[in-house]
**Q** 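Mind having a look at this structure? Questions to follow.
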Amino acid sequence: MLLMAVGGIAQAQADDDVQLIKQGEYVSRLGDCAACHSLAGKPAFSGGLAIKSNLGTIYSTNITPDKDHGIGNYSEQQFADAVRKGVLPDGSRLYPAMPYPDYAKINDQDMHALYVYFTKGVKASGEQPPVTDLSFPFSQRWGMRFWNWAFTADKPFQPIDGASAEVNRGAYLVESLGHCGSCHTPRGLGMNEKALDSSDAQFLAGGSLNDWQVPALRGVAHWDKQEIVDYLGKGRNDKAAVGGEMTSVVANSTAYMTDADLQAIAAYLKFLGGNPSLPASDPQTVSATEAKLTTAKNLTPGERLYLDNCGACHFVTGKGAPGVFPQLDQATIVNAQDPTGLIHTILAGAQQPSTARAPSTLAMPGFAARLSDDQVAQLSTFIRQGWSNKAPAVTAEQVSKVRKTLGQ
């Protein structure tokens with residue numbers, strides 16, 4: 001009888017571990033751990049991603065349960081301290097390329113599941129990633145103690161008073177595991193996020209990442225709730241498709257979220273409000289652009305380049321095809337003050353990720369080999385000033401600067 005009881009306890013523990021591993025794997029998707037810690041051709045979560053920053057190149061670490069190169073010797077508390085506080089077991093400090101200022105809000109239940117997943121559900125790898133070696137004084141990791149004191153908040157997630165359970169679930173996901181603020185919140189002089197939660201109007205108010213203008217997410221006035229859900233779950237909606245860093249976010253994280261969690265995120269972003277809508281479409285200017293492209297007479301160089309290179313997919317209306325080719329009229333990337341994102345897309349092209357909700361992979365070719373800097377500038381300027389768009393012109397010098405970054 002005793003052996004049967006012991007066996008039953010062992011089986012129950014094994015069943016609990018299986019459930020926790022499954023839960024922890026989902027939590028890791030919510031936290032987008034794979035985006036930084038998994039590289040193609042390398043064992044999962046063995047690190048090695050080169051993260052370029054203003055301070056130098058920071059390499060992601062091995063977070064498999066390997067005892068020599070990974071986290072195999074971490075206790076659960078040491079694991080939680082690394083994730084939430086950026087403090088390793090030996091007392092050394094992580095750089096905030098690891099978004100621990102946001103992960104600080106991960107609740108105990110999710111943290112426990114995450115620990116069980118990474119220690120029992122991930123295969124150990126002895127892969128040794130390159131060691132981060134920044135120049136002085138940034139090489140002095142002990143200095144991060146003062147940065148943390150000034151710019152992080154060691155407190156759990158705070159639900160929003162009066163908000164629905166759905167909105168608060170979305171708030172938890174966005175403010176903690178999703179670490180959306182690390183890209184979509186403006187940065188201060190210390191490269192810190194200026195706000196860490198919705199109590200501050202600067203939170204998710206937009207910013208800049210690698211010279212790409214990152215849009216504000218407060219209210220997302222130009223999309224309805226379902227369009228937000230589709231964008232995160234499919235990598236596309238009837239108006240836009242992911243590009244830049246968001247391609248990885250969707251491919252590794254949001255595409256795996258449940259419908260309920262995607263709906264919660266959309267509800268939270270809509271709840272925030274505060275993001276001004278785009279100027280109303282001007283039917284007269286839209287019609288004028290469409291009519292000129294249709295007749296194809298007396299075209300400017302930019303208009304001719306558009307018809308020759310873009311019109312087949314985005315059409316003379318600039319509306320593209322719902323769920324297939326993105327809309328250019330009133331698009332955020334087109335109207336951004338900094339045209340880097342648009343220029344980069346024209347030069348390098350873009351590819352939508354294949355997701356369970358939208359398996360087809362649609363690609364836009366790059367035109368770097370086909371168009372000169374001056375031609376790309378003329379094309380970009382037309383797109384930014386055609387239809388309802390009213391963005392500043394683009395120069396050949398701006399194109400040249402972006403072209404030099406391709407392949408880096």
**Q** So which heavy atom on N168 is nearest to which on F157, and how close?
**A**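 Shortest heavy-atom separation between N168 and F157 comes out as O-CZ, 3.6 Å.
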**Q** How long is the straight-line distance from OG of S182 back to CG of L209, given to the nearest 0.5 Å?
**A**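 Between atom CG of L209 and atom OG of S182 there are 8.5 Å.
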**Q** In Å, rounded to the nearest 0.5 Å, how long is the span from CD of E303 to OG1 of T381?
**A**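 It is 11.5 Å, given to the nearest 0.5 Å.
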**Q** Minimum heavy-atom separation for A50 to Y59, with atom names?
**A**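 Taking every non-hydrogen atom into account, CB-CE2, 3.7 Å.
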**Q** Do N107 and P156 touch side chain to side chain, with heavy atoms closer than 4.5 Å?
**A**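 Of all side-chain heavy-atom pairs linking P156 with N107, none is under 4.5 Å.
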**Q** Could you check whether any side-chain heavy atom of F203 comes within less than 4.5 Å of a side-chain heavy atom of L196, counting everything from C-beta outward?
**A** no
**Q** First locate atom CD1 of I265, then atom CG of L232, and finally report the distance between them rounded to the nearest 0.5 Å.
**A** 6.0 Å
**Q** Between M246 and Y231, does the side chain to side chain contact (heavy atoms under 4.5 Å, CB included) criterion hold? Intermediate values first, please.
**A** CA-CA 10 Å; M246 275 303 297; Y231 186 81; 4.0 Å; yes
**Q** Once rounded to the nearest 0.5 Å, what's the spacing between atom NE2 of H179 and atom CG of L30?
**A**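 H179 atom NE2 to L30 atom CG measures 11.5 Å (nearest 0.5 Å).
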**Q** May I ask you to decide if A396's main-chain N or O and S400's side chain share a donor-acceptor pair within less than 3.5 Å?
**A** no
**Q** When you measure from the side chain of R84 to the backbone of K105, do you find a donor-acceptor pair of N or O atoms at a distance under 3.5 Å?
**A** no
**Q** Just so I know, are the side chains of I160 and F271 near enough to count as touching, which here means a heavy-atom distance under 4.5 Å?
**A**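 They are in side-chain contact.
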**Q** Measure the spacing between CG of L94 and OG1 of T61 and express it to the nearest 0.5 Å.
**A**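 It is 7.0 Å, given to the nearest 0.5 Å.
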**Q** Using a 6.0 Å cut-off, check whether atom CG of D161 has over 12 heavy atoms from anything other than its own residue.
**A**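 12 or below, so no.
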**Q** Say you draw a straight line from CG of L114 to CD of Q109; how long is it, rounded to the nearest 0.5 Å?
**A**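 Reported value, rounded in 0.5 Å steps: 12.5 Å.
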**Q** Under the 3.5 angstrom rule, does the side chain of Y256 hit a backbone N or O of G233 as a donor-acceptor pair?
**A**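 Not a single qualifying donor-acceptor pair exists.
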**Q** For N389 and N335, which I'm curious about, is there any donor-acceptor pair between the side chains at under 3.5 Å?
**A** yes
**Q** Under the criterion side chain to side chain contact (heavy atoms under 4.5 Å, CB included), I'd like the reasoning laid out for L269 against L204: C-alpha separation, chi angles, the key distance, then a yes or no.
**A** CA-CA 9 Å; L269 297 180; L204 302 183; 3.8 Å; yes
**Q** Hydrogens and angles aside, do T152 and N148 bring a side-chain donor and acceptor to less than 3.5 Å of each other?
**A** no
**Q** Does the side chain of T340 come under 3.5 Å of the side chain of D338 through a donor N or O and an acceptor N or O?
**A**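 Yes, side-chain donor-acceptor contact under 3.5 Å.
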**Q** Check whether any side-chain heavy atom of R29 sits under 4.5 Å from a side-chain heavy atom of M257, and report yes or no.
**A**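 A side-chain contact is absent here, since even the closest heavy-atom pair is not under 4.5 Å.
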**Q** Can a donor-acceptor pair be found, under 3.5 Å and without considering hydrogens, that links the side chain of S60 to the backbone of G47?
**A**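 Not confirmed, S60 side chain does not pair with G47 backbone.
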**Q** Backbone N or O of W387 within a donor-acceptor pair of the T285 side chain at under 3.5 Å?
**A** yes
**Q** Tell me the side-chain hydrogen bond (donor to acceptor under 3.5 Å, both in side chains) pairs involving residues 346-369, sequence neighbours left out?
**A**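 Every pair satisfying side-chain hydrogen bond (donor to acceptor under 3.5 Å, both in side chains) with a residue in residues 346-369: R236-Q352, R236-S360, D259-R357.
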**Q** State, with a plain yes or no, whether a side-chain heavy atom of N62 is found less than 4.5 Å away from one of Q128.
**A** no
**Q** For residues 110-119, which residue pairs pass the side-chain hydrogen bond (donor to acceptor under 3.5 Å, both in side chains) check, not counting sequence neighbours?
**A**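 Output for this query lists E76-H112, D110-Y172.
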**Q** Can you confirm whether the side chains of T64 and D66 place a donor and an acceptor under 3.5 Å from each other?
**A**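 Result is no, nothing qualifies.
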**Q** Mark yes or no for whether S253, through its side chain, and V250, through its backbone, hold a donor-acceptor pair below 3.5 Å.
**A** no
**Q** Do other residues, nucleotides or ligands put more than 12 heavy atoms under 6.0 Å from K42 NZ?
**A** no
**Q** Parallel, tilted or perpendicular: which describes the rings of F79 and F118, with under 30° parallel and over 60° perpendicular?
**A** tilted
**Q** So, the side chain of H37 versus the backbone of A44: is there a donor-acceptor pair under 3.5 Å, distance only?
**A** no
**Q** Under 4.5 Å between any side-chain heavy atoms of P301 and Q375, yes or no?
**A** no
**Q** Is there a side chain to side chain contact (heavy atoms under 4.5 Å, CB included) between H344 and I333 once you walk through the steps?
**A** CA-CA 11 Å; H344 188 281; I333 191 173; over 6 Å; no
**Q** Please name the pair of heavy atoms, one in S248 and one in D32, separated by the smallest distance, quoted to 0.1 Å.
**A**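 Residues S248 and D32, closest heavy atoms: O-OD1, 4.4 Å.
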**Q** Please check: side-chain N/O of W223 versus main-chain N/O of K239, any donor-acceptor pairing under 3.5 Å?
**A** no
**Q** Can you find a pair of side-chain heavy atoms, one from M144 and one from P96, that are under 4.5 Å apart?
**A**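 With C-beta onward as the side chain, the pair touches.
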**Q** Please find the pair of heavy atoms, one from L406 and one from L347, that lie closest to each other, and give the distance.
**A**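 Smallest heavy-atom distance, with atoms named: CD1-CB, 4.0 Å.
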**Q** Could you pull out the closest heavy-atom pair between D200 and R218, with the gap in Å?
**A**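 Heavy atoms only, the tightest pair is O-NH1, 3.5 Å.
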**Q** Determine whether a donor-acceptor pair (N or O, by modelled atom type, separation under 3.5 Å) exists between the side chain of R384 and the backbone of A393.
**A**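 Between the backbone of A393 and the side chain of R384 there is no qualifying donor-acceptor contact (under 3.5 Å).
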**Q** Taking all non-hydrogen atoms of both residues, which atom of V394 and which atom of P339 are closest, and how far apart?
**A**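 Closest heavy-atom pair between V394 and P339: CG2-CB, 3.8 Å.
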**Q** Applying side chain to side chain contact (heavy atoms under 4.5 Å, CB included), run through K120 and L20 and close with a yes or a no.
**A** CA-CA 10 Å; K120 298 183 178 182; L20 277 170; over 6 Å; no
**Q** Does the S28 side chain pair with the main chain of E25, one donor and one acceptor, at a distance under 3.5 Å?
**A**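 Yes; judged by distance alone, with no hydrogens or angles, the pair exists.
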**Q** So T345 and M364, do their side chains get closer than 4.5 Å, heavy atoms only?
**A** yes
